[in-house]
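Written below as structure tokens is the structure these notes are about.
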Protein chains: 4
Amino acid sequence: MYEELRKSVCDANLMLPVYDLVTLTWGNVSGIDRDTGVVAIKPSGVEYTELTPDKIVLLNLDGKIFKDSLNPSSDTPTHLELYRSFKGIKGICHTHSAYATTWAQACREIPCLGTTAADYFYGNVPVTDVMTKEQIETDYELNTGKVIVERFKDIDPMQMPAVLVANHGPFTWGDNAAKAVETAMVLEQVAKMALGTLLINPEQKEITKVLLDKHYLRKHGENAYYGQN
Amino acid sequence: MYEELRKSVCDANLMLPVYDLVTLTWGNVSGIDRDTGVVAIKPSGVEYTELTPDKIVLLNLDGKIFKDSLNPSSDTPTHLELYRSFKGIKGICHTHSAYATTWAQACREIPCLGTTAADYFYGNVPVTDVMTKEQIETDYELNTGKVIVERFKDIDPMQMPAVLVANHGPFTWGDNAAKAVETAMVLEQVAKMALGTLLINPEQKEITKVLLDKHYLRKHGENAYYGQN
Amino acid sequence: MYEELRKSVCDANLMLPVYDLVTLTWGNVSGIDRDTGVVAIKPSGVEYTELTPDKIVLLNLDGKIFKDSLNPSSDTPTHLELYRSFKGIKGICHTHSAYATTWAQACREIPCLGTTAADYFYGNVPVTDVMTKEQIETDYELNTGKVIVERFKDIDPMQMPAVLVANHGPFTWGDNAAKAVETAMVLEQVAKMALGTLLINPEQKEITKVLLDKHYLRKHGENAYYGQN
Amino acid sequence: MYEELRKSVCDANLMLPVYDLVTLTWGNVSGIDRDTGVVAIKPSGVEYTELTPDKIVLLNLDGKIFKDSLNPSSDTPTHLELYRSFKGIKGICHTHSAYATTWAQACREIPCLGTTAADYFYGNVPVTDVMTKEQIETDYELNTGKVIVERFKDIDPMQMPAVLVANHGPFTWGDNAAKAVETAMVLEQVAKMALGTLLINPEQKEITKVLLDKHYLRKHGENAYYGQN
């Protein structure tokens with residue numbers, strides 16, 4: 001059931017070690033079938049070398065797990081909150097990739113310092129507030145989703161497909177599971193180069209709005225002219 | 001004799017180059033059979049490409065080597081002191097992995113700056129005191145173990161499976177040899193991200209106790225809910 | 001038609017992932033047949049794993065594309081401007097390689113801090129001015145070429161085969177497409193080492209003119225004595 | 001003729017890309033037969049993928065090349081000066097490896113900050129003086145050897161098998177060509193960790209003489225007890 005969704009989510013999870021975005025089992029990718037509201041996600045604590053489509057867990061947007069499933073990723077409530085709030089997204093990726101996590105640990109947004117970032121992210125990559133005692137103690141994973149959504153109250157998630165959870169690490173999303181993983185990989189490169197840039201020039205400011213518009217909009221939106229139509 | 005122990009210790013040693021934790025022969029892993037008190041450890045100066053289970057050295061907790069053995073790792077007295085003092089551990093790993101050693105050389109503990117660290121280490125990863133002239137000149141390797149044990153007089157080694165020996169490098173431990181190596185690999189990632197975090201934000205403080213508890217305890221202890229039971 | 005040119009340009013593009021200079025499709029290499037003025041360049045947005053010589057796009061120096069071609073790289077107008085202005089070059093490479101892009105994002109030229117750089121670049125690797133609103137809004141890619149050419153008004157491109165476009169990344173060039181890629185790879189190493197050098201010693205100055213002359217001229221120019229004639 | 005020497009020198013050169021110590025052809029290794037004074041060295045500008053024992057160049061300590069040879073490495077006069085002055089060494093390696101070169105470019109010796117360094121280098125790894133105009137303009141490569149020898153007037157090259165040539169990069173040496181390459185690899189690790197250590201703690205000082213003695217002498221000298229005799 002939902003073989004195609006499961007396979008695409010499995011394949012996307014298996015890209016994490018290929019792109020060197022995970023250590024051990026520190027990452028998870030999900031996808032959603034928006035017509036039925038069925039979500040597919042990595043099982044908790046399963047090694048990537050042992051991951052097959054039939055182990056991918058199916059559940060609905062309320063968190064009800066299909067019978068005979070493994071335990072889903074412990075971060076599942078975060079994924080579900082994002083799917084419920086960001087209606088346009090169909091895949092989510094969470095990693096502890098080294099450089100993006102480094103920025104998350106520093107509790108700093110990643111400034112948009114070049115066209116590499118501008119090609120994917122329409123502005124600085126935001127960081128959430130540090131979570132409160134109450135948010136951590138009860139429904140922690142759900143509240144992780146809520147602090148992300150709160151951070152996006154004035155940001156369009158379709159133009160900013162990434163966030164850093166303070167003290168924790170990145171979540172990225174996109175049109176499907178594979179795209180969410182690709183964005184996680186881009187974010188890692190952008191995070192690495194941003195750190196280096198500020199080491200060379202601590203005063204470096206974000207690129208101008210006009211350059212940001214040029215690059216973001218030549219790859220996205222109705223007048224995009226990058227690629228083969 | 002002790003074929004299974006030897007094989008597990010050999011396999012764990014061979015994971016060091018796979019995880020990119022060693023250069024040349026700069027690392028060693030041991031394991032112990034707690035029922036008999038027999039310790040198995042890497043022989044000194046043997047290349048990983050030539051390491052086989054039959055070359056793993058067997059000795060007891062007093063350092064008495066089984067006959068017809070190779071010389072054990074020169075760090076053996078450190079391992080034995082840890083096994084004698086930390087009764088719950090069954091595997092030990094020592095490396096000179098780049099980032100963990102960098103922190104050890106800086107004589108600084110690694111602050112717990114994010115949930116990646118909190119998933120494995122219940123607080124800051126401690127660094128020992130700099131060893132004294134007397135400790136170095138006589139029974140150096142034994143005293144290396146003693147300064148570690150001294151550093152843990154108020155720390156539970158079961159909740160903090162790693163230490164940095166000042167001016168030297170990391171030791172990690174766990175339920176078995178393989179687990180000690182896994183922890184060495186996690187420590188390396190944590191050390192790398194901690195350095196980057198402080199480069200971005202030199203004022204960054206440790207995560208809160210409540211977040212540390214949440215992450216450490218969701219993977220460890222009786223109420224853990226990560227993985228497939 | 002132009003099979004040899006297309007193959008050499010395809011091969012050079014395929015060296016980008018081998019040298020770890022590109023993520024996804026963030027790079028493009030071109031070559032020119034100076035006798036006919038025909039330029040061959042990577043198609044836009046095509047994965048390196050799917051790139052074959054027949055997909056390489058042919059066009060002339062005015063940008064007229066041979067019929068039945070894919071869309072050329074969106075950076076094509078930049079390449080063409082460089083070929084029109086720098087008459088001696090026959091291959092161009094553009095990447096977003098991590099360290100060179102980091103310097104470009106910092107809007108800083110890369111100081112010539114050692115003989116590794118001096119062997120390839122006759123002085124500091126220049127960075128362009130930040131582009132103006134007008135340059136970005138209309139004919140952006142063409143103007144990217146123009147700001148490079150403007151930056152070289154007192155620099156010989158045959159002695160300085162690289163530039164950093166501010167806020168963006170590096171362009172390199174040479175005698176053919178393969179040589180342009182090789183220079184991109186050297187630039188990446190030089191950029192990495194320059195960052196490290198200034199972290200160790202923020203006051204470090206460029207090498208002397210006499211050492212620069214010695215190294216650059218022993219590999220280039222009529223009295224070169226490096227290699228096998 | 002001298003097949004064994006040539007093969008050992010060829011093999012040692014081929015370890016440079018394996019250890020990730022060279023980019024393109026930026027490195028060279030030599031060996032000497034002390035009985036006959038015959039030196040074998042890499043030919044200039046030859047790719048590692050095309051290097052075979054028969055291409056290794058033979059010459060004597062005065063620089064006289066055996067007939068029908070390729071051109072030797074342009075750094076040959078430096079190697080010869082070191083063989084003439086440091087009578088105990090039998091292999092030399094020169095690279096532009098990233099971190100060691102970074103320190104050379106910073107014109108700073110590498111402080112001995114930990115036991116990893118102390119196991120191989122008996123103190124700080126020295127850096128030469130910046131070369132003068134006269135030293136560069138005439139007999140540059142020979143003078144590179146002379147500034148190294150000058151720097152070692154109070155240092156025993158048998159206890160300090162490495163040097164950084166200011167503005168340039170490292171030379172290492174040892175009992176044979178393979179050992180010189182191994183030391184180059186160790187130096188690279190030590191250089192990387194020293195940079196990180198000072199980023200974490202800019203005030204960090206060298207390890208004590210007693211710890212240096214302990215580590216260096218447990219691997220070297222008559223009372224060494226590391227390895228299998």
Side-chain angles (χ1 to χ4, degrees), chain B residues 20 22-27 43-47 50 55 57 69-75 94-111 127 130-141 143-144 164-169 191-192 194-199 202, chain D residues 15 18-21 97-99 110-120 124 174 178-179 181-220 223-229:
Chain B
D20 199 20
V22 286
T23 299
L24 301 169
T25 63
W26 308 347
S44 184
V46 171
E47 301 281 346
E50 294 170 12
K55 289 183 183 153
V57 181
S69 286
L70 293 171
N71 293 341
S73 164
S74 56
D75 296 312
H94 171 50
T95 78
H96 288 213
S97 68
Y99 286 95
T101 301
T102 294
W103 281 90
Q105 292 190 161
C107 300
R108 292 272 172 91
E109 64 181 14
I110 305 178
V127 63
V130 168
M131 292 175 73
T132 64
K133 186 166 186 295
E134 291 66 33
Q135 288 170 329
I136 293 167
E137 285 181 337
T138 309
D139 293 331
Y140 170 63
E141 291 84 2
N143 287 329
T144 300
L164 305 176
V165 176
N167 301 317
H168 188 153
K192 178 180 179 176
L195 170 51
T197 301
L198 296 181
L199 288 176
Chain D
M15 287 309 290
V18 171
Y19 283 151
D20 201 19
L21 295 174
S97 68
Y99 286 95
I110 305 178
C112 184
L113 295 172
T115 62
T116 314
D119 280 336
Y120 290 83
N124 297 354
K179 206 73 187 172
V181 172
E182 181 182 310
T183 301
M185 194 260 275
V186 172
L187 180 65
E188 183 65 5
Q189 284 295 107
V190 165
K192 178 181 179 175
M193 298 196 298
L195 170 51
T197 301
L198 296 181
L199 287 176
I200 295 171
N201 183 2
E203 306 304 317
Q204 182 62 39
K205 297 299 174 217
E206 287 87 351
I207 62 173
T208 59
K209 179 68 164 50
V210 66
L211 186 58
L212 173 61
D213 280 348
K214 183 71 196 176
H215 270 265
Y216 188 79
L217 300 175
R218 87 176 180 175
K219 288 191 84 163
H220 308 270
N223 295 316
Y225 60 93
Y226 183 92
Q228 308 296 331
N229 351 304

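Residue numbering restarts at 1 for every chain, and letters A, B, ... go by the order of the sequence lines.
In this structure, Q189(D) and A98(B) approach most closely via the heavy-atom pair NE2-CB, 4.5 Å.
In this structure, no portion of P72(B) lies under 4.5 Å from any heavy atom of chain D. With a 4.5 angstrom heavy-atom cutoff, S73(B) does not touch chain D via any of its atoms. Contacts of V130(B) with chain D are absent, with no heavy-atom separation under 4.5 Å from either backbone or side chain. Heavy atoms closer than 4.5 Å to chain D are found in the side chain of E141(B), but not in its backbone. With a threshold of 4.5 angstrom between heavy atoms, A194(D) approaches chain B through N, CA, C or O but not through any side-chain atom.
The aromatic rings of W26(B) and Y120(D) lie tilted to each other, with the angle between the two planes from 30° to 60°.
Counting only residues at least two apart or in different chains, side chain to side chain donor-acceptor pair (under 3.5 Å) contacts with residues 192-204 of chain D comprise Q105(B)-T197(D), R108(B)-N201(D), N201(D)-Q204(D).
Of the listed residues (M185(D), R218(D), K219(D)), the one with the most heavy-atom contacts under 4.5 Å to chain B is R218(D). If you tally non-hydrogen atom pairs under 4.5 Å between each of V165(B), L195(B), L24(B) and chain D, the highest count goes to L24(B).
Interatomic distance, K209(D) NZ to I136(B) CD1, rounded to the nearest 0.5 Å: 12.0 Å.
Two residues are said to be in side-chain contact when any heavy atoms from C-beta on lie closer than 4.5 Å; M131(B) and T208(D) fail this criterion.
Of the residues L113(D), L212(D), L211(D), the one that meets the side-chain contact (heavy atoms from CB on, under 4.5 Å) test with N167(B) is L211(D).
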